[in-house]
Engineer: 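Here it is, the structure in full.
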Amino acid sequence: MFEGLLAQAFICRNSVSLRHRANGGKAETHGKKLTQEFRADLYFAHHFVLEKKRLEKLAKTKGHKRHAKRELKELKPEYDQWCNHIGHGWARSLKNNSCAGLTIEDFAYSLGLAFDRWYRSLYAIQSSFVHGGNFGISLRYPGNRKRPQLKWSDSPGEVVRALRTANYLHGLQQTEFNRLLDKNHGPYIKAGLFRDAGDDFRQVFQF
């Protein structure tokens, strides 16, 4: 949901300045102006660039080569059309990054302080829940070689926290559309979106 929100904000904003968090420097735009229409084009082109990358890997896998090559042939007209439109520099940037040609970290940083704070505090925790690579997310391990138990994250506090997070992300998405339609729409916090936020959100967004 957070990564989807970044893409939505990227398209909906009147203007966007892409930057690298490490040094604050401007990101490469390959000679293109980041108009709202062009940013929407990058979002669409990103799909075809990633699909070509996926199929090229599949074409090297035994048992899938013929299927992948057929799919690549079918994809080629649309891929070529989008790459010619956005430019091959942008196509290279999209291949290993987000639809903004940046890592998620730099993407969040480029869209403002609220997004950057979310990425640096909540995003890592949420990613652990999604990817399940950390046993502490799904197992309670008492130690002393005792058998671990499944952790359902079903306590009232955990359920409320998860629902609030989803609600805030949905609210942020709505806010981006509201800002697109109403140029005077207030920023997230002043608009009252986090009025009933818990302590974790108040700490992240410092209000």
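What you are looking at is a predicted structure, and each value in this text was computed from that prediction instead of being measured.
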Engineer: So, do K73 and R70 sit near enough that their side-chain heavy atoms are less than 4.5 Å apart?
Structural biologist: no
Engineer: Any chance you could measure W118, atom CH2, to L6, atom CG, to the nearest 0.5 Å?
Structural biologist: 10.5 Å
Engineer: State yes or no: do L18 and Y109 share one hydrophobic cluster built from I, L, V, M, F, W and Y residues joined by side-chain heavy-atom distances below 4.5 Å, directly or via other members?
Structural biologist: no
Engineer: What closest approach, in Å, do F115 and A9 show between heavy atoms, and which atom pair accounts for it?
Structural biologist: CZ-CB, 4.1 Å
Engineer: For W90 and H30, take the angle between the two ring planes, folded into 0 to 90°, and tell me which bin it lands in: parallel under 30, tilted 30 to 60, perpendicular over 60.
Structural biologist: perpendicular
Engineer: So among H20, R120, R21, which one has a side chain to side chain donor-acceptor pair (under 3.5 Å) with E105?
Structural biologist: R120
Engineer: Answer yes or no: is there an ion pair linking K60 with E56, defined by an N-O contact shorter than 4.0 Å?
Structural biologist: no
Engineer: Counting only heavy atoms not in K76 (residues, nucleotides, ligands), do more than 12 fall under 6.0 Å from its NZ?
Structural biologist: no
Engineer: How far does CD1 of I86 sit from NE2 of H46, to the nearest 0.5 angstrom?
Structural biologist: 9.5 Å
Engineer: Quick check: closest heavy atoms across C83 and A91, and the distance to 0.1 Å?
Structural biologist: SG-CB, 3.7 Å
Engineer: Drop me the distance from Y79's OH to L55's CG, to the nearest 0.5 angstrom.
Structural biologist: 11.5 Å
Engineer: Can you tell me how far CG of L72 sits from NZ of K65, rounded to the nearest 0.5 angstrom?
Structural biologist: 13.5 Å
Engineer: Using 0.5 Å steps for rounding, measure from the CD atom of E3 to the SG atom of C99.
Structural biologist: 10.0 Å
Engineer: Which heavy atom of L42 sits nearest a heavy atom of F10, and at what distance?
Structural biologist: CD1-CZ, 4.0 Å
Engineer: In terms of ring plane angle, is the pair F44 and W82 parallel, tilted or perpendicular, where the classes change at 30° and 60°?
Structural biologist: parallel
Engineer: How far apart are the closest heavy atoms of R39 and V16, and which atoms are they?
Structural biologist: NH1-CG2, 3.5 Å
Engineer: Would you name the heavy atoms of L94 and G101 that are closest together and state the gap between them?
Structural biologist: CD2-N, 3.8 Å
Engineer: Side chains of L75 and E71: does their closest heavy-atom pair fall under 4.5 Å?
Structural biologist: no
Engineer: Would you say the side-chain atoms of Q36 pair up with the backbone N or O of S15, donor to acceptor, closer than 3.5 Å?
Structural biologist: no
Engineer: Check the surroundings of atom OH in Y43: do more than 12 heavy atoms from other residues, nucleotides or ligands lie under 6.0 Å from it?
Structural biologist: no
Engineer: Looking at side-chain heavy atoms only, is the closest gap between M1 and L5 below 4.5 Å?
Structural biologist: no
Engineer: Could you check L122 against F2 for side chain to side chain contact (heavy atoms under 4.5 Å, CB included), going step by step and ending with a plain yes or no?
Structural biologist: CA-CA 10 Å; L122 302 174; F2 179 72; over 6 Å; no
Engineer: Ignoring hydrogens, what is the shortest heavy-atom contact between N96 and K53? Give both atom names and the distance.
Structural biologist: OD1-NZ, 2.7 Å
Engineer: From D41 CG over to K32 NZ, what is the distance, rounded to the nearest 0.5 angstrom?
Structural biologist: 9.5 Å
Engineer: Taking the side chain as every heavy atom from C-beta outward, state whether S110 and L102 have any pair of such atoms under 4.5 Å apart.
Structural biologist: yes
